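Okay, structure first, notes after.
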Amino acid sequence: MSDYILVLDEGTTSTRAMLFARDGVLVANAQKELDQHYPQAGWVEHDAAEIWDKTRQCALEVIPKAGGAAMIAGIGITNQRETVVAWDTATGEPLTRAIVWQDRRTEPLCAELREAGEESEVQAKTGLLLDPYFSGTKMRWMLDNVAEVKAAAEADTLAFGTIESWLVYKLTGGRKEGSVHITDASNASRTLLMGLEDAQFSPDLCDLFGVPVSALPTVTDMSGALAVTDASLFGREIPITGLVGDQQAATIGQACLEPGETKATYGTGAFVLTNQGAKPPSSRNRLLGTVLTQIAGKRTYAIEGSVFVAGSLVQWLRDSLGIVEVASQTEELARSIPSSGGVTIVPALAGLGAPHWRADARGVISGLSFASGKAELARAALEAMAHQTHDLAEAFAADGTRWETLRIDGGMAANTWMAQDLADMLGVPVERPGFVETTALGAAMLAAVGAGLYDNLASAAVAMQGQLKRFEPAMDADTRAERLKRWKAALKAA
Ligand code: ADP
């Protein structure tokens, strides 16, 4: 019986193929690192041909562990969002390097549109802000600056897509006849080119950003019979039954399926998403609105807030200050003292993200004395995660979304001291899954539903999600108030 799910997890630094059994257990895993290209300050590029090549190799490595392609009920793809690939449908090959989500080269174009007063309408339609992060201006940059992209547009052989779109094109044959050019609604909602309530890319938004609609994929559901792989790739056809951007995947993998349910991923940065149900969100506090799910044409939405610096602060303590040798040592240091002794860190090392959005802010360490040592700094760094998350919680609440629990994941969530501190400072229970690969699990759940193994995401969650560990708030009100007072004062200095 074909009841394995193959997940292709396309991260920023690596590509992976992961084989899940129908009960959510990870059976096999293959991973390859991706080359990062930094041609100029602020520019980040990937080689789309390398991504496809390594993805195919990883898939070929794990498929035999299922007993062959016939044993796989469906493929789910989850990906780094916003990254843009341009390819030629005449050859099926990339026309230029992919522009990665982190790339800031389109800031002048964004500034021009902001100055022209376009932001409020764009935000009302798409839920996004005019920032280089999103895909639309990256496409426009390629059309304006890469001769091959421009020529393909003129010859009507240009295809644009985010990473899942590119992989589906290659998986379905990679040539003009027979290949499928689609994108799912969660990825499409990160481009600036689709309104939150539009079924397809919007001609008006495409006009505003100068992107030809004809080069864009068709927007599809995130779960269902979306496409089938070319039989020559894996020995026989395999259905592609799930497509989802990484943060939406983690939200689904954490089973945040009801309005108000919230997850926070603490990796390099931190990403918080709250399920908003069927009504498109509109934020008055510079949070983002995004598509969470689209199944059988029906959408649910999420509100999203991101913090630029989370685990990267711990990396900085390790690599630049040498306070710890490995990230996990921050936990024993934090536990070794009763408080940070008044030391407070504002981790604005790369500006401040939501809800402050101050690109010009810089980091601050306040409250230093001769008694301050490694432990105080490590503890202050971990405390900063709860402080930043607290500010997001206030912004979400001001937008009408009060968190009742917070489900956490990402590399930093392994830090149990931090998990308890989050519960204490937010005043809500924090839950951490035993299986931390929530992004891959979310893609597996969508693909399992799409392949008909489960009727809906709620049943898939019951069958596939493991045990959660719960942290209850335990801090007294005075300590909490003192912490927040210190944080607010330090934030002013940033
Ligand atoms: P990404 O997916 O963004 O690459 P990960 O989810 O793998 O990131 O998380 C890695 C980050 O988490 C690193 O920045 C690291 O410093 C931090 N980290 C990992 N383990 C711990 C820990 N036990 N305590 C604190 N920080 C940690």
Side-chain angles (χ1 to χ4, degrees), residues 7-16 18 26 29 31-36 44 46 78-83 100-102 133 163 244-251 253-254 263-273 304 306-336 340 345 347 349-350 353 363 374-389 407-423 430 432-443 469 471:
V7 169
L8 305 177
D9 181 355
E10 306 298 327
T12 308
T13 56
S14 75
T15 172
R16 296 202 290 176
M18 302 165 83
L26 178 66
N29 180 24
Q31 181 164 16
K32 289 191 189 294
E33 298 297 316
L34 297 174
D35 292 337
Q36 310 290 317
V44 188
H46 282 165
T78 181
N79 57 293
Q80 47 161 317
R81 305 174 300 175
E82 298 100 9
T83 299
V100 177
W101 60 274
Q102 295 150 315
Y133 181 25
I163 298 292
V244 56
D246 55 8
Q247 296 307 321
Q248 283 90 340
T251 310
Q254 288 271 31
K263 74 89 196 175
T265 301
Y266 295 90
T268 308
F271 295 88
V272 181
L273 273 82
E304 174 171 329
S306 24
V307 163
F308 298 144
V309 177
S312 51
L313 181 65
V314 173
Q315 264 168 333
W316 178 75
L317 292 184
R318 186 193 65 190
D319 301 339
S320 298
L321 301 189
I323 284 178
V324 291
E325 273 167 29
V326 291
S328 57
Q329 277 172 357
T330 52
E331 175 155 358
E332 54 185 87
L333 282 172
R335 281 188 198 288
S336 71
S340 73
I345 302 182
L349 285 80
K374 288 183 180 186
E376 284 75 14
L377 283 168
R379 185 163 169 138
L382 295 183
E383 286 184 350
M385 301 305 132
H387 297 154
Q388 298 191 98
T389 311
R407 299 192 189 138
I408 63 168
D409 53 53
M412 234 192 151
N415 193 307
T416 297
W417 188 89
M418 186 193 84
Q420 181 60 48
D421 194 52
L422 281 169
V430 165
R432 182 175 73 190
F435 179 68
V436 294
E437 302 278 7
T438 51
T439 303
L441 182 63
K469 180 164 169 49
F471 301 87

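Atoms within each ligand, like the ligands themselves, are counted from 1 in listed order. These numbers were taken from a predicted model, which means no experiment stands behind them.
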Checklist outcome for this item: Nearest heavy-atom approach of A423 to F471 is CB-O, 3.5 Å
Item to check | Step-by-step side-chain contact (heavy atoms from CB on, under 4.5 Å) determination, E332 to R335 | outcome: CA-CA 5 Å; E332 54 185 87; R335 281 188 198 288; 5.6 Å; no
Next on the checklist: Taking a cutoff of less than 4.0 Å between a non-hydrogen atom of the residue and any ligand atom, is M412 in contact with ligand 1?
Outcome noted: yes
Next on the checklist: Could you tell me, atom by atom, which parts of ligand 1 come under 4.0 Å of a heavy atom of T268?
Outcome noted: 1 (P), 3 (O), 4 (O), 8 (O)
Checklist entry - Which atoms from ligand 1 have a heavy atom of S312 less than 4.0 Å away? => result 14 (O)
Checklist entry - Do E437 and R16 come within less than 4.5 Å of each other through their side chains, counting heavy atoms only? => result yes
Checklist entry - What is the closest protein heavy atom to atom 24 (N) of ligand 1, and at what distance does it sit? => result N415 ND2, 3.0 Å
Checklist outcome for this item: For G267, the ligand 1 atoms with a heavy-atom partner under 4.0 Å come out as 3 (O), 5 (P), 6 (O), 8 (O), 9 (O)
Next on the checklist: I need the T78 OG1 to D9 CG distance, nearest 0.5 Å.
Outcome noted: 6.0 Å
Checklist entry - At a 4.0 Å threshold, what atoms of ligand 1 neighbour a non-hydrogen atom of G410? => result 6 (O)
Checklist entry - Is E33 atom CD crowded by more than 12 heavy atoms from other residues, nucleotides or ligands, each under 6.0 Å away? => result yes
Checklist entry - Considering only protein heavy atoms, which is closest to atom 18 (N) of ligand 1, and at what distance to one decimal place? => result A327 CB, 3.7 Å
Next on the checklist: When you measure from atom 2 (O) of ligand 1 to the protein, is at least one non-hydrogen atom found at a distance under 4.0 Å?
Outcome noted: no
Next on the checklist: On a heavy-atom basis, which atom in T12 and which in Q80 lie closest, and how many Å separate them?
Outcome noted: OG1-CB, 3.9 Å
Checklist entry - Is the closest side-chain donor-acceptor distance between Q254 and T438 under 3.5 Å? => result no
Checklist outcome for this item: ligand 1 to Q315, heavy atom cutoff 4.0 Å, flagged ligand atoms 14 (O), 16 (O)
Item to check | Which of the ligand 1 atoms, numbered from 1, are nearer than 4.0 Å to a heavy atom of T330 | outcome: 24 (N), 25 (C)
Checklist entry - Any idea which protein heavy atom is nearest atom 23 (N) of ligand 1, and the distance to it? => result S328 CA, 3.4 Å
Item to check | Contact check: G311 vs ligand 1, nitrogen or oxygen atoms, below 3.5 angstrom | outcome: yes
Next on the checklist: What protein heavy atom lies closest to atom 10 (C) of ligand 1? Include the residue and the distance to one decimal.
Outcome noted: G411 CA, 4.2 Å
Checklist entry - Do R81 and Q248 have a side chain donor and acceptor closer than 3.5 Å? => result yes
Next on the checklist: When you compare the side chain of D421 with that of L382, does any pair of heavy atoms fall below 4.5 Å?
Outcome noted: no
